[in-house]
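On a predicted model such as this, the values are computed, not experimentally measured, just so you know. Numbers restart at 1 for each chain; the letters A, B, ... are given by sequence-line order, proteins then strands.
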Number of protein chains: 2
Amino acid sequence: MTGATETTAESFERGGGIAVWRRIADAIEAEIAAGNMAQGDKLPTEATLAQRFGVNRHTVRRALAALAADGAVESTRGSGTFVGSARIPYPIGPSTRFSAIMTAEGHVAGAELIGAETVAASRVVAEALEIEEGAPVLQVKLKRLSDGMPVSLGTSFLPLPRFAGFPEALRAQGAVTPALKACGVQDYSRRETRISARLATGAEAATLQLEAERIVLMATGLNVDDAGVPIQFTEALFAASRIELVVGSGL
Amino acid sequence: MTGATETTAESFERGGGIAVWRRIADAIEAEIAAGNMAQGDKLPTEATLAQRFGVNRHTVRRALAALAADGAVESTRGSGTFVGSARIPYPIGPSTRFSAIMTAEGHVAGAELIGAETVAASRVVAEALEIEEGAPVLQVKLKRLSDGMPVSLGTSFLPLPRFAGFPEALRAQGAVTPALKACGVQDYSRRETRISARLATGAEAATLQLEAERIVLMATGLNVDDAGVPIQFTEALFAASRIELVVGSGL
DNA sequence: ATCCATTTGTCCGTATGTATC
DNA sequence: AGATACATACGGACAAATGGA
């Protein structure tokens with residue numbers, strides 16, 4: 001941050017078209033991108049930055065919040081603000097297997113069943129699974145971990161009665177693929193994935209161990225068995241600061 | 001918003017574990033998701049919401065900012081805050097042609113060349129294009145429009161001297177595919193795409209006609225010609241509020 | 001075309017809570 | 001225990017854009 005210090009004393013005045021906090025955010029980001037700061041380096045304190053840029057501490061906070069949203073920096077109360085770390089690549093394709101992906105990347109994969117209940121299929125779910133609206137479906141929520149850190153929060157809908165035994169099998173096996181196999185699905189593949197991005201809700205941020213106001217990538221998709229029959233409509237949430245989705249190649 | 005009004009008078013007190021602004025954001029979002037409000041409907045004013053939830057106007061503003069980041073709501077100064085609109089699906093695959101996608105969706109496509117200059121290849125670009133670091137490459141920036149509204153902001157790197165005539169061809173043709181054809185590329189395909197999400201920088205927000213602090217989807221990828229030779233390393237930015245990326249099927 | 005009330009946008013200052021060191 | 005540092009919320013002031021009178 002030393003480079004920007006001297007030059008910015010006069011340049012951050014109010015009313016210059018672009019908001020002051022935005023210019024400060026861009027300045028800090030540029031400093032990081034320039035390679036002046038490495039992963040994990042501690043930024044100056046908010047008070048210091050405020051003095052440096054000649055603004056109120058809240059104006060600096062707004063800039064830091066923008067950078068923290070996508071993981072460029074990470075703030076820890078009582079400790080400080082630090083330069084964020086790189087994202088784990090996460091392949092998306094016809095055959096996406098969480099455990100396989102993570103172990104291939106050198107991480108320890110894990111899945112934790114948060115909840116399983118029978119609900120009536122909404123219009124969207126019914127259309128995807130090619131069943132009637134209102135028909136009973138199994139809603140499964142699970143959290144996926146990499147090295148103990150939650151990376152994804154998934155909500156799946158599976159048709160009943162075919163997958164009535166799925167939750168128990170998942171609990172016993174600890175992973176989705178073998179649990180599906182226990183329900184008679186030899187193999188399955190992803191037909192379509194839709195990717196969007198938004199901010200995490202309060203509950204989502206809590207389960208993903210994210211601070212508030214963090215960006216999540218939302219991937220919704222449909223899995224079909226080897227006969228082409230829809231078996232699972234999924235919505236997976238990824239912390240944008242930890243994950244990067246990879247599409248293509250021979251996946 | 002009428003449903004939440006009566007029940008929330010007492011429930012938004014400070015110090016309840018989750019931040020007040022976050023609970024307000026979730027409450028408003030739930031109202032919208034419940035279908036009580038349609039696209040384009042006007043929300044109550046910030047002052048009204050503040051009074052309703054029994055908090056300061058700034059606390060409401062923080063909640064609305066979170067909802068505005070991903071397009072759930074849209075605020076206009078002097079006018080008010082409105083429920084946002086749906087996203088346009090954007091297929092990503094081996095053969096992604098912007099014009100074709102947009103016209104198929106019933107929109108009028110357009111591309112505007114923002115800038116073209118010769119730069120030295122960075123490490124990342126050089127690796128992707130399989131050339132030497134520091135070798136001259138053509139950097140092309142272009143804005144893509146759908147119905148006059150900017151939807152994507154792309155930065156491409158093309159090897160030189162092969163594509164020296166690309167900018168002129170693009171200006172003449174108005175679209176990428178024919179411009180590449182003018183450079184001798186009969187056909188090309190996408191080898192890999194990496195998708196991440198972050199907040200737009202000040203400059204990006206300006207060119208995309210986005211308010212500050214909006215989420216963008218970033219898709220970086222490599223295009224290769226029919227001989228498998230890398231011809232274009234691209235980074236495309238999409239406004240998350242306007243676009244939803246679609247992967248898969250027979251694309 | 002002008003004025004004016006309304007409404008959102010930006011920034012400052014202050015107070016307090018809470019986690020870390 | 002105390003100092004430090006980030007998190008949340010309040011209040012005030014003014015700017016800028018809108019829209020109706």
Side-chain angles (χ1 to χ4, degrees), chain A residues 11-26 28 40-69 72-84 202 205-206 209-214, chain B residues 1 8 11-26 28 40-69 72-84 202 205-206 209-214:
Chain A
S11 49
F12 287 91
E13 281 156 8
R14 200 167 169 173
I18 298 174
V20 177
W21 67 263
R22 161 54 64 202
R23 281 179 286 169
I24 292 175
D26 290 351
I28 295 175
D41 279 6
K42 187 176 187 300
L43 270 68
T45 67
E46 293 175 352
T48 307
L49 288 171
Q51 193 179 16
R52 199 172 274 189
F53 289 118
V55 298
N56 189 272
R57 186 182 144 231
H58 288 311
T59 309
V60 168
R61 277 186 62 72
R62 179 127 191 227
L64 290 177
L67 295 174
V73 304
E74 291 172 21
S75 298
T76 312
R77 167 151 43 180
S79 178
T81 305
F82 307 85
V83 178
Q209 284 178 34
L210 282 174
E211 305 307 309
E213 225 169 353
R214 295 306 164 87
Chain B
M1 292 299 310
T8 50
S11 49
F12 287 90
E13 281 156 8
R14 201 166 168 173
I18 298 175
V20 177
W21 68 263
R22 162 53 61 205
R23 282 179 286 169
I24 292 175
D26 290 351
I28 295 175
D41 279 7
K42 188 176 186 300
L43 270 67
T45 67
E46 294 175 352
T48 307
L49 288 171
Q51 192 178 17
R52 198 172 276 189
F53 288 119
V55 298
N56 188 272
R57 184 185 148 223
H58 290 309
T59 309
V60 168
R61 277 187 62 73
R62 178 120 194 234
L64 290 176
L67 295 174
V73 304
E74 290 171 22
S75 297
T76 311
R77 183 189 320 200
S79 180
T81 305
F82 306 85
V83 179
Q209 284 177 34
L210 281 174
E211 305 306 311
E213 228 171 350
R214 295 307 163 86

With the criterion being N/O to N/O and under 3.5 Å, what pairs connect the protein with nucleotides 19-21 of chain C, and how long is each?
from	atom 1	to	atom 2	distance (Å)
C/dT20	O4'	A/R77	O	3.4

Rounded distance (nearest 0.5 Å) linking atom [atom1] of [X] with atom [atom2] of [Y]:
| X | Y | atom1 | atom2 | answer |
| --- | --- | --- | --- | --- |
| B/F53 | B/T48 | CZ | OG1 | 11.0 Å |
| B/L67 | B/D26 | CG | CG | 8.0 Å |
| A/L64 | A/T59 | CG | OG1 | 11.0 Å |
| B/F82 | B/T76 | CZ | OG1 | 5.5 Å |
| B/T45 | B/R52 | OG1 | CZ | 9.0 Å |
| B/T81 | B/E74 | OG1 | CD | 10.0 Å |

So, does the side chain of [X] form a donor-acceptor pair with the base of [N] at under 3.5 Å?
| X | N | result |
| --- | --- | --- |
| B/R57 | D/dG12 | no |
| A/H58 | C/dT14 | yes |
| B/R61 | D/dA9 | no |

Separation of [N] [atom2] from [X] [atom1] (nearest whole Å):
| X | N | atom1 | atom2 | result |
| --- | --- | --- | --- | --- |
| A/R22 | C/dT10 | CZ | C1' | 14 Å |
| A/L43 | D/dA5 | CG | C1' | 13 Å |
| B/F82 | C/dT6 | CZ | C1' | 12 Å |
| A/E46 | C/dT14 | CD | P | 17 Å |
| A/I24 | C/dC12 | CD1 | C1' | 13 Å |
| A/N56 | D/dC14 | CG | P | 17 Å |
| A/L49 | D/dC6 | CG | C1' | 13 Å |
| A/K42 | D/dT4 | NZ | P | 13 Å |

Would you say a side-chain N or O of A/T81 is under 4.0 Å from OP1 or OP2 of D/dA5? no
Partners passing salt bridge (charged side-chain N to carboxylate O under 4.0 Å, His left out) against A/E46 (at least two apart in sequence or in another chain): A/R57, A/R61
